[in-house]
S.K.: 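I'd like to ask some things about the structure below.
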Amino acid sequence: MKQDLTNEVKKVLIVFLLCFLALITYIAYFTTFKAPTLAASTSNKRLWAKRNEVLRGTIYDRNGKELTKSERKDTLTQKRSYPSGDLFAHVLGYVDPKYGVTDLEKQYDEELMNTKNTFFNIKEALKNFSIKEAFNNRQAEEKVGNSLNTSLDYDIQKAAYDAIGNNKGAAVVLNPKTGEVLAVVSKPTYDPNNLEAVYNDINNKKISGEDSPLINRATQGLYAPGSTFKVVTATSALENMPNLTTRVFEDNGKIVFNEKQSLSNYGGYANGNIKFADAFRKSSNVVFGTLAMELGNDKLKETSEKFYFNKPIPSEGLSIAKSSFPKLESYEKGNIAQSGIGQSSILASPMQMALVASAVANDGVIMEPKLVSNILNFEGKTVDTVKSKELGRAMSANTAKTLKPYMKSVIDNGTVDSSIFKGLNAAGKTGTADHLDKNGKDAVPHSWFIGFAPYDNPKIAIAVIIENGGVGGGKAATAASSIMRTALSK
């Protein structure tokens, strides 16, 4: 009996020991792996209390215009406001105790709350005024976070905002040589100063799904790129097909794959015998569908991935959705042909297509999109500079040299009214992207335009999409020309 009791006690002790070990293990795991994440979570109320000890730094445009303001209400609270209302909503994001932190505000949250570069400089104090005054002034200022100088340009942003108007759509403007982001606009937009109203509409289902103003269509929206993708197909063909520029294609207006599947030019127009440069200028679906089939899925996919399709796009201050190019089987002739004209199951963001245009403008090299130029301490002194970085080479310099005049010919005598771009010396490519509506039926096409200017020394690269805007040479091209005009006037 006594032996049995001893065994039972041992069993109980073993169970307690195992439970104790499990508890210690969990505590160690939580402390090492989970606690830092929870501590940094924007929903952590203690973090918000700590956050409010520091007056949040200011975000500026490239010309020093304030895009954010922070005002201390009391020792425990401060108010973050956005002087331009909904103009920069999708690129700056917001800071709110109830709704969290998003976009640039989130990506640079630590810097904007950081005071490590705040210090009491006794030499400066002795030089200018009494130590007591310097200490008191510095005490009042030492709880101010760092500020950001961005590459954004208020005037270009406003031009893009106005150009898209009441349409759903997006625009991206880059400096192709540096990767600096000059403008990012998405519509519909929202006022970050009144998040309660936005979320009430969403929660009450007045706004839902793809209509949400919280979606950043410029970086997170994924669309069929339509004929703007022919820049990628042209790149692949030029780099894989000898004598392409002298070849004559027969364009009868349509490629028939089987009884149910075919590919036609816009409006069914037949171009007859046509060279590659003219096929690009006229945006021949027949020629580019033929090229995609001759290249094969593997080669076209390989080229697209040099442009960062199917890959995360590194960036500074932005979050960019991954664009996609499909893997297709050799027998899927129709889908392979469609991929050559930016249809099939290809999806691309406006940022992605702005990078395609910038690659041509920058002699084949893609630069990393960069939103932040430098970080400033409370005195306005630069404490860190964000350098431009190359992402990689999408095409050879010779290919870019060939494509540049092709894209200029689109503006001068191609699929767009040249008068829209008068005086801009621009180059571009239009796109009319077919897609289905919510019910799976054919919808009005999306209108696309990508391009760069000036032609001889590009300073800007651009991508514009107007959802359900019709042909690319219409609404998207008109919006792009207006944005370019403002950007080049600066």
Side-chain angles (χ1 to χ4, degrees), residues 222-266 268 270-271 273-277 279-280 282-312 321-349 352-353 356 359 364 392-396 399 402-403 406 429 431-436 440 442 445 448:
L222 294 174
Y223 308 86
S227 290
T228 59
F229 189 80
K230 288 173 182 172
V231 174
V232 179
T233 307
T235 299
S236 192
L238 285 165
E239 299 197 334
N240 288 288
M241 294 179 168
N243 305 318
L244 177 68
T245 57
T246 58
R247 178 177 167 184
V248 177
F249 294 85
E250 186 178 354
D251 179 354
N252 294 320
K254 189 175 186 178
I255 304 173
V256 178
F257 304 107
N258 53 51
E259 292 180 359
K260 295 183 179 180
Q261 196 174 22
S262 62
L263 174 62
S264 300
N265 288 335
Y266 182 76
N271 290 298
N273 292 335
I274 187 171
K275 285 190 173 182
F276 181 61
F280 187 96
K282 294 183 177 182
S283 200
S284 166
N285 288 341
V286 168
V287 171
F288 278 84
T290 299
L291 288 171
M293 289 189 291
E294 291 182 5
L295 284 164
N297 177 250
D298 288 347
K299 282 184 179 177
L300 189 49
K301 182 171 177 286
E302 181 183 357
T303 301
S304 73
E305 289 173 352
K306 290 180 180 178
F307 284 92
Y308 272 77
F309 280 81
N310 298 335
K311 297 179 184 178
K322 187 191 295 185
S323 298
S324 60
F325 185 91
K327 171 66 178 173
L328 300 170
E329 299 299 331
S330 59
Y331 58 80
E332 297 180 77
K333 296 295 185 186
N335 288 333
I336 291 173
Q338 288 280 349
S339 74
I341 66 166
Q343 294 289 164
S344 187
S345 52
I346 301 175
L347 292 172
S349 67
Q352 170 71 75
M353 297 314 296
V356 169
R393 180 168 285 282
M395 67 184 77
S396 70
T399 298
T402 301
L403 281 174
Y406 288 6
K429 184 71 190 77
T432 305
D434 294 330
H435 66 106
L436 302 177
D442 289 338
W448 273 99

S.K.: Which residues satisfy the side chain to side chain contact (heavy atoms under 4.5 Å, CB included) test with Lys311, sequence neighbours excluded?
M.R.: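 Side chain to side chain contact (heavy atoms under 4.5 Å, CB included) check on Lys311 returns Glu305, Tyr308.
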S.K.: Output all residues satisfying ring-ring contact (aromatic ring centres under 6.0 Å, His included) with Phe276, sequence neighbours left out; order by chain, then residue number.
M.R.: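 Counting only residues at least two positions away or on another chain, Phe276 forms a ring-ring contact (aromatic ring centres under 6.0 Å, His included) with Phe288, Tyr406.
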S.K.: Does the side chain of Ser396 reach to within under 4.5 Å of the side chain of Thr399, using non-hydrogen atoms?
M.R.: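 Counting from C-beta outward, Ser396 and Thr399 do come under 4.5 Å.
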S.K.: Apply side chain to side chain contact (heavy atoms under 4.5 Å, CB included) to the pair Phe257 and Met293, showing each step before the final yes or no.
M.R.: CA-CA 11 Å; Phe257 304 107; Met293 289 189 291; 3.7 Å; yes
S.K.: Under a 4.5 Å cut-off applied to non-hydrogen side-chain atoms, are Leu403 and Thr235 in contact?
M.R.: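 With C-beta onward as the side chain, the pair touches.
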S.K.: Find the distance between CG (Leu238) and OG1 (Thr245) and round it off to the nearest 0.5 Å.
M.R.: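 If I round to the nearest 0.5 Å, the distance is 7.5 Å.
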S.K.: Output all residues satisfying side chain to side chain contact (heavy atoms under 4.5 Å, CB included) with Asn258, sequence neighbours left out; order by chain, then residue number.
M.R.: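 Only Lys260, Gln261 meet the side chain to side chain contact (heavy atoms under 4.5 Å, CB included) criterion with Asn258.
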S.K.: Under a 4.5 Å cut-off applied to non-hydrogen side-chain atoms, are Val287 and Thr290 in contact?
M.R.: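 With C-beta onward as the side chain, the pair stays apart.
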S.K.: Mind checking what makes side chain to side chain contact (heavy atoms under 4.5 Å, CB included) contact with Asn273, not counting sequence neighbours?
M.R.: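 Applying side chain to side chain contact (heavy atoms under 4.5 Å, CB included) to Asn273 gives Val248, Glu250.
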S.K.: With a 4.5 Å cut-off on side-chain heavy atoms, are Trp448 and Lys429 touching?
M.R.: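 Answer no - side chains too far apart.
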S.K.: Taking all non-hydrogen atoms of both residues into account, name the closest pair between Ala224 and Leu347 and its distance.
M.R.: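 Closest pair (atom of Ala224, atom of Leu347, distance): N-CD2, 4.0 Å.
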S.K.: Would you name the heavy atoms of Ile346 and Pro326 that are closest together and state the gap between them?
M.R.: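 Reported closest heavy-atom pair: CG1-CD, 3.8 Å.
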S.K.: Which pairs count as salt bridge (charged side-chain N to carboxylate O under 4.0 Å, His left out) when at least one residue sits in residues 333-349, sequence neighbours excluded?
M.R.: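 As it turns out, there is no salt bridge (charged side-chain N to carboxylate O under 4.0 Å, His left out) pair with a partner in residues 333-349 once direct neighbours are skipped.
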S.K.: How long is the gap from OG on Ser264 to CG on Asn285, to the nearest 0.5 Å?
M.R.: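 Ser264 atom OG to Asn285 atom CG measures 8.0 Å (nearest 0.5 Å).
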S.K.: If you round to the nearest 0.5 Å, how far is NZ of Lys306 from OG of Ser236?
M.R.: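 Rounded to the nearest 0.5 Å, the OG-NZ separation comes to 8.0 Å.
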S.K.: Does any part of the side chain of Val286, heavy atoms only, come nearer than 4.5 Å to the side chain of Asn252, both counted from C-beta?
M.R.: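 A side-chain contact under 4.5 Å is absent here.
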S.K.: Would you confirm whether Ser283, through its side chain, and Phe280, through its main-chain N or O, come within 3.5 Å as a donor-acceptor pair?
M.R.: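 No: the side chain of Ser283 does not pair with the backbone of Phe280.
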S.K.: Please report the shortest heavy-atom distance between Asn310 and Lys301, naming the atom on each side.
M.R.: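 Answer, listing the atom of Asn310 first, then Lys301: ND2-CE, 3.9 Å.
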S.K.: Only counting residues at least two apart or in another chain, list the ones meeting side-chain hydrogen bond (donor to acceptor under 3.5 Å, both in side chains) with Ser284.
M.R.: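 Partners of Ser284 by the side-chain hydrogen bond (donor to acceptor under 3.5 Å, both in side chains) criterion, ordered by chain and then number, come out as Asp251.
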S.K.: Quick one: which residue pairs count as a salt bridge (charged side-chain N to carboxylate O under 4.0 Å, His left out) with a foot in residues 222-247, not counting sequence neighbours?
M.R.: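 Matches after skipping sequence neighbours: Arg247-Glu294.
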S.K.: For Ser304 and Phe229, work out which heavy atoms get closest and say how close.
M.R.: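 Reported closest heavy-atom pair: CB-CZ, 4.2 Å.
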S.K.: So Val231 and Met353, do their side chains get closer than 4.5 Å, heavy atoms only?
M.R.: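 No. Closest side-chain heavy atoms not under 4.5 Å.
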S.K.: Please list, chain by chain and in numerical order, all residues satisfying side chain to side chain contact (heavy atoms under 4.5 Å, CB included) with Ala237, sequence neighbours excluded.
M.R.: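 Per chain and number, Ala237 pairs via side chain to side chain contact (heavy atoms under 4.5 Å, CB included) with Met241, Leu244, Leu291, Leu295.
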S.K.: So, taking the atom named CD1 in Ile341 and the one named OH in Tyr266, what distance separates them when rounded to the nearest 0.5 Å?
M.R.: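 Between Ile341 CD1 and Tyr266 OH, I get 13.5 Å after rounding to 0.5 Å.
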S.K.: Got a sec, which residues hit salt bridge (charged side-chain N to carboxylate O under 4.0 Å, His left out) with Asp298, two or more places apart in sequence or on another chain?
M.R.: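 Checked Asp298 against salt bridge (charged side-chain N to carboxylate O under 4.0 Å, His left out); matches are Lys327.
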S.K.: To the nearest 0.5 Å, what is the distance between CG (Leu263) and CD1 (Ile255)?
M.R.: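 So the CG of Leu263 and the CD1 of Ile255 are separated by 5.0 Å.
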S.K.: With heavy-atom distances below 4.5 Å as the criterion, would you say the side chains of Thr228 and Val356 are in contact?
M.R.: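 The answer is no; the side chains never approach within 4.5 Å.
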S.K.: Considering non-hydrogen atoms only, spot the tightest contact between Pro225 and Ala433 and give its length.
M.R.: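 Reported closest heavy-atom pair: C-CB, 4.3 Å.
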S.K.: Using every non-hydrogen atom in the two residues, find where Thr432 and Pro445 come nearest and quote the distance to one decimal.
M.R.: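 Shortest heavy-atom contact: CG2-CB, 3.5 Å.
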S.K.: Scan for side chain to side chain donor-acceptor pair (under 3.5 Å) pairs involving residues 335-349, sequence neighbours excluded, and state none if there are none.
M.R.: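 Applying side chain to side chain donor-acceptor pair (under 3.5 Å) to every pair that reaches into residues 335-349, excluding sequence neighbours, yields Glu332-Asn335.
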S.K.: Sequence neighbours excluded, which residues qualify as side-chain hydrogen bond (donor to acceptor under 3.5 Å, both in side chains) partners of Asn297?
M.R.: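 side-chain hydrogen bond (donor to acceptor under 3.5 Å, both in side chains) list for Asn297, sorted by chain: empty.
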S.K.: Is the distance between the ring centroids of Phe325 and Phe307 under 6.0 Å?
M.R.: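 Not close enough - the centres of the two rings lie 6.0 Å or further apart.
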S.K.: Looking at side-chain heavy atoms only, is the closest gap between Met395 and Thr303 below 4.5 Å?
M.R.: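 Answer no - side chains too far apart.
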S.K.: As an exercise, state the distance from CD of Gln352 to CZ of Phe309, rounded to the nearest 0.5 Å.
M.R.: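 One gets 4.0 Å once the value is rounded to the nearest 0.5 Å.
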